[in-house]
Amino acid sequence: MQLPDMNLLVALDALLDEGSVVGAARRMNLSPAAMSRTLTRIREAVGDPILVRAGRGLVPTPKALQLQGQVRNVVEQAALLFRSADQVDLSTLRRRFSVRANDFFIGVYGGRLFDTMERMAPLCELCFVPEGDTDDEALREGRLDLRVSNTMPASPEVKVQNLFSTTFVGLAREDHPLFDEEITAARFASYSHISISRRGIARGPIDTALNAQGLERRVALIAPGFHGAMFMLPDSDLLLPVPKEALLSANRLKLPLRAFALPISLPTLVLAQSWHPRFDKDPAHRWLRETMRESCHATWLEAQPA
DNA sequence: ATATTACCGGGCTACCACAC
DNA sequence: GTGTGGTAGCCCGGTAATAT
């Protein structure tokens with residue numbers, strides 16, 4: 001069987017990623033003219049224009065967008081074949097690591113993670129992507145390097161490693177009437193709450209715990225993320241349960257908020273990172289996972305009460 | 001500014017002739 | 001039969017010019 005020139009795949013990956021002939025040429029140490037001719041060969045091989053002129057630049061065709069994930073996957077797998085199983089030169093490593101996490105994790109843990117990555121692998125990019133419904137598929141296709149979540153992946157082949165566990169505390173404006181007397185479950189339930197949910201779900205473990213005591217709370221506001229919700233507290237009587245590490249963000253932002261221990265018992269939340277086994281032996285990915293684990297641990301320690 | 005094309009040169013390979 | 005050297009053709013990259 002006559003195989004096509006596999007170098008075209010590497011060039012196609014660069015072209016689709018950069019979206020320009022000049023950018024892809026720079027990345028592959030070629031002249032723009034040489035890359036333009038490579039694009040011509042790719043067009044002939046694929047039978048599609050791949051990138052078409054739009055003013056000064058180029059835009060991808062639907063076929064190109066459809067191929068992008070597959071091409072990246074194949075190129076990464078091919079690169080792995082030639083890479084030592086244990087070594088990676090972080091100083092020259094050019095790679096974008098996509099991590100899916102919620103805004104609590106990004107806001108509290110993302111900064112230290114990025115700082116460590118920036119110092120060790122200055123040419124790498126960290127790309128946080130919002131949580132989605134097709135995590136396992138994204139991991140499998142290589143669109144996602146890591147997923148950080150408290151829910152287990154649906155696919156049994158996906159690898160999981162615990163990062164840290166956390167518990168919830170309550171947040172309210174510092175002069176909230178809640179602080180005038182002892183914070184009982186009944187008083188906690190008597191104020192309106194913010195519930196954090198991307199899918200608009202108002203009920204959760206807090207409601208279960210209150211119901212067990214014959215109490216019920218009113219969720220007056222549903223927000224997609226903790227950080228945005230925190231900014232609503234100073235102007236309202238709302239209460240916001242947050243993972244206790246989120247207090248780091250509240251303190252840094254110098255928000256006029258006060259934390260309180262929840263008067264109910266909630267299960268401990270365990271956050272874990274998960275990845276597809278295809279990346280298990282990849283030294284760069286292994287470094288990412290290790291860096292994630294260590295930077296999370298350092299942030300977690302900082303957030304613990306003295 | 002960026003993409004494409006024309007033209008040129010270097011490297012590689014297939015093919016052939018020749019010597020051993 | 002095998003190894004070596006010469007040649008032609010192809011592929012690909014560079015520069016420069018042109019088109020968008």
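We name chains A, B, ... by the order of the sequence lines, and we start the count at 1 in each one.
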Pi-cation contact, A/Trp275 with A/Arg289 (under 6.0 Å, within 45°): yes
Using atom [atom1] of [X] as one end and atom [atom2] of [N] as the other, report the distance to the nearest whole Å.
X: A/Leu51; N: C/dT20; atom1: CG; atom2: P; answer: 18 Å
X: A/Leu39; N: B/dT2; atom1: CG; atom2: P; answer: 16 Å
X: A/Ile50; N: B/dA3; atom1: CD1; atom2: C1'; answer: 16 Å
X: A/Leu30; N: C/dT15; atom1: CG; atom2: C1'; answer: 14 Å

Indicate whether any N or O donor in one side chain lies under 3.5 Å from an N or O acceptor in the other, for [X] and [Y].
X: A/Ser192; Y: A/Arg218; value: yes
X: A/Arg41; Y: A/Thr38; value: yes
X: A/Asp48; Y: A/Thr61; value: yes

May I ask you to verify if any side-chain N or O of [X] is less than 4.0 angstrom from the OP1 or OP2 atom of [N]?
X: A/Arg37; N: C/dT15; answer: no
X: A/Arg43; N: B/dA3; answer: no
X: A/Thr38; N: C/dC11; answer: no

- request: Choose from C/dT15, C/dG13, B/dA3 the nucleotide whose nearest atom is closest to any side-chain atom of A/Arg41.
  value: C/dG13
